[in-house]
Amino acid sequence: MKLIIGLGNPGKEYEHTHHNVGFDTIDLLAQKWNIPLNQQKFNAMYGTAHRPEGKVMLMKPLTYMNLSGEAVRPMMDYFDIDVEDIVVIYDDLDLDKGKLRLRQKGSAGGHNGIKSLIQHVGTQNFNRIRVGINRPPVGMKVPDYVLSKFSKEEQPLMHDAFNRAADACEYWLEKPFTEVMNRFN
């Protein structure tokens, strides 16, 4: 089984914010594959797709961003999912808005959700799809920025990024992640 994890914060007030690009991508995949994210376990919402490539779980941790690992690790243990069979989708302040960067390992780079994952999963070596959101405008604090919604002008660009991230996830179901990186970076 493969596990696709989108990081974000639960709740209506956080929908479609800069920090919730992972949730938005998971919602897009769930809609595309016609699977409801209506199951709950280990403080996460999830749904399972039975695809030609095998069983795939889509997951949104409900722990809030900074504690994401607390939901992911128990889910991996319960469903016996190896670390090489996960991919994590999240926002990146250091990438241009809408740009994707795929990696198989790396530090948290200051991202608290990834810090939590590294702590709970026990390794920095896991597949990642980082979605660029840019740095905040001058004078705006990072927490305020990541919890703000995309402007009307930014929405088409970000929707395109979510589609490309979803396409990368689908490609990963058939190909090694190194090939996915070559194609989508």
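Note that the coordinates shown come from a computational prediction; the quantities given were computed from them, not determined experimentally.
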Within-4.5 Å side-chain heavy-atom neighbours: L173 and V56: yes
Heavy-atom check, side chain of N127 versus side chain of V88, under 4.5 Å: no
Audit row: L58, Y46, side chain to side chain contact (heavy atoms under 4.5 Å, CB included) steps and yes/no: CA-CA 5 Å; L58 301 176; Y46 70 98; over 6 Å; no
K97 NZ: over 12 foreign heavy atoms closer than 6.0 Å: yes
Shortest non-hydrogen contact between V131 and A161, atoms and distance: CG1-CB, 4.0 Å
Within 45° cone and under 6.0 Å: K105 NZ/CZ vs F126 ring: no
Step-by-step side chain to side chain contact (heavy atoms under 4.5 Å, CB included) determination, K41 to F79: CA-CA 11 Å; K41 192 181 284 298; F79 289 102; 4.3 Å; yes
Gap separating the OH atom of Y145 from the CG atom of L147, nearest 0.5 angstrom: 11.5 Å
Side-chain donor-acceptor pair present, E179, W172, cut-off under 3.5 Å: no
Ring-face cation contact, F162 with R164, 6.0 Å cut, 45° max: no
D94 with R135: basic N within carboxylate O range, under 4.0 Å: yes
Spatial distance of atom NZ (K115) from atom CG (L117) [nearest 0.5 Å]: 13.0 Å
Q31 atom CD: more than 12 heavy-atom contacts under 6.0 Å: no
4.5 Å side-chain heavy-atom contact, L67 and E70: yes
Path from M57 to V83 over hydrophobic side-chain contacts below 4.5 Å: yes
Closest non-hydrogen atom pair between Q39 and G47, with its separation: OE1-CA, 3.8 Å
Side chains of H50 and W33 in contact at under 4.5 Å (non-hydrogen atoms): no
CD1 on I114 to OH on Y90, rounded to 0.5 Å: 4.5 Å
Flag side-chain contact, heavy atom, 4.5 Å: N9 against T17: no
Side chain K149, main chain E15, donor-acceptor under 3.5 Å: yes
CG (D144) with more than 12 external heavy atoms under 6.0 Å: yes
Residues that F150 engages under ring-ring contact (aromatic ring centres under 6.0 Å, His included), provided they are two or more places apart: H18
Non-hydrogen side-chain atoms of I133 and D92 separated by less than 4.5 Å: no
Spatial distance of atom CG (D24) from atom NE2 (H16) [nearest 0.5 Å]: 5.5 Å
Salt-bridge contact K2-E53 (side-chain N to carboxylate O under 4.0 Å): no
E170 side chain near L29 side chain, heavy-atom distance below 4.5 Å: yes
Closest approach of A168 to L102 (non-hydrogen atoms, all atoms of both residues): CB-CD2, 4.2 Å
Any donor-acceptor pair under 3.5 Å from R101 side chain to R128 backbone: no
Check against side chain to side chain contact (heavy atoms under 4.5 Å, CB included), Y64 and Y14: CA-CA 10 Å; Y64 291 92; Y14 300 112; 3.8 Å; yes
Taking every non-hydrogen atom, the tightest pair across P61 and A71: CB-CB, 3.9 Å
Main-chain N/O of I81 paired to D85 side chain as donor or acceptor, under 3.5 Å: no
Shared hydrophobic cluster for M1 and I4 (ILVMFWY, side-chain gaps under 4.5 Å): no
Side chain S116, main chain G69, donor-acceptor under 3.5 Å: yes
Joint hydrophobic cluster, V21 plus I26, side-chain heavy atoms closer than 4.5 Å: yes
Candidate pair T48 and I35, rule side chain to side chain contact (heavy atoms under 4.5 Å, CB included), full reasoning: CA-CA 7 Å; T48 305; I35 61 164; 5.9 Å; no
Test item: I86 and M59 side chains (from C-beta on) under 4.5 Å apart, heavy atoms: no
Atom pair OG1/CD1 of T25 and I89 - distance to nearest 0.5 Å: 5.0 Å
Nearest-0.5 Å distance that lies between atom CG in L93 and atom CZ in R130: 11.0 Å
L37 reachable from L3 in the ILVMFWY side-chain graph, under 4.5 Å edges: no
Closest non-hydrogen atom pair between I129 and C169, with its separation: CD1-SG, 3.8 Å
Donor-acceptor contact below 3.5 Å, side chain E154 vs main chain S151: yes
Pair D167 + K32, salt bridge at N-O below 4.0 Å: yes
is_close_aromatic(H111, H19), centroid dist under 6.0 Å: yes
In one Ile/Leu/Val/Met/Phe/Trp/Tyr side-chain cluster, 4.5 Å: I118, M76: yes
